[in-house]
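Worksheet for the structure shown next.
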Amino acid sequence: MADCIFCKIVEGSLPSKKVYEDDKILAIYDLEPQAPVHILVMPKQHICCADAIDESNCDIVSYIFTKIPVIAKKLELTNGYRIVNNCGDDARQSVKHIHFHILAGKLLSEKMA
Ligand code: DGP
């Protein structure tokens, strides 16, 4: 999608540091990490946000959740990790291409909001 930075990263016109890639999804290091390990996992297809998930596109979400443990294993996140999805303005979603944050590498805050 034009003007979507994550679409540009997926197609390779913007650079990123990749952790995992296959034909359906891409995982990259976050540019502004909020934890010692901060990864973004996104579908290659443009879906704006969790609010746009329905029966027609939900398979990609379950697929992402099968690959998050693969990524965690690759990064040796043996002590656990947090998965975060921000949806919409109140959640401060800044990039309108659905993605899941993996946060790890320290004992994370017990507060969620
Ligand atoms: P969110 O607020 O949930 O939409 O998270 C967007 C995240 O994307 C935020 O943590 C910063 C990160 N980010 C923004 N632009 C870029 C970029 O060009 N490259 C990478 N790797 N991360 C980006």
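Start at 1 and go down the list; that is how both ligands and their atoms are numbered. This one's a predicted model, so the numbers in the text were calculated from it and none came from an experiment.
The shortest side-chain heavy-atom distance between I83 and I68 falls under the 4.5 Å cut-off. Annotation: side chain of L26 is in contact with side chain of K18 (closest heavy-atom distance under 4.5 Å). You'll find the side chain of I28 stays beyond 4.5 Å of the side chain of V41, heavy atoms only.
Contact annotation for F100 and ligand 1: no heavy atom of the residue comes within less than 4.0 Å of the ligand. Within the 4.0 Å heavy-atom criterion, neither part of V84 lies near ligand 1.
For the ligand labelled ligand 1, residue L14 lies outside the 4.0 Å heavy-atom shell. Taking a 4.0 Å cut-off on heavy atoms, I9 registers as neighbouring ligand 1. Distances from ligand 1 to the non-hydrogen atoms of K17 include no value under 4.0 Å. Between H99 and ligand 1 there is a heavy-atom distance shorter than 4.0 Å.
Of the protein's heavy atoms, L31 N, 3.2 Å lies nearest to atom 22 (N) of ligand 1.
Near N86, the atoms of ligand 1 lying under 4.0 angstrom from a non-hydrogen atom of the residue are 1 (P), 2 (O), 3 (O).
Annotation for N79: atom CG does not count as buried by contact number, only 12 or fewer foreign heavy atoms lying within 6.0 Å.
Residue pairs meeting the ring-ring contact (aromatic ring centres under 6.0 Å, His included) criterion with at least one member in residues 38-88, sequence neighbours excluded, are H38-H101, H46-H97, F65-F100.
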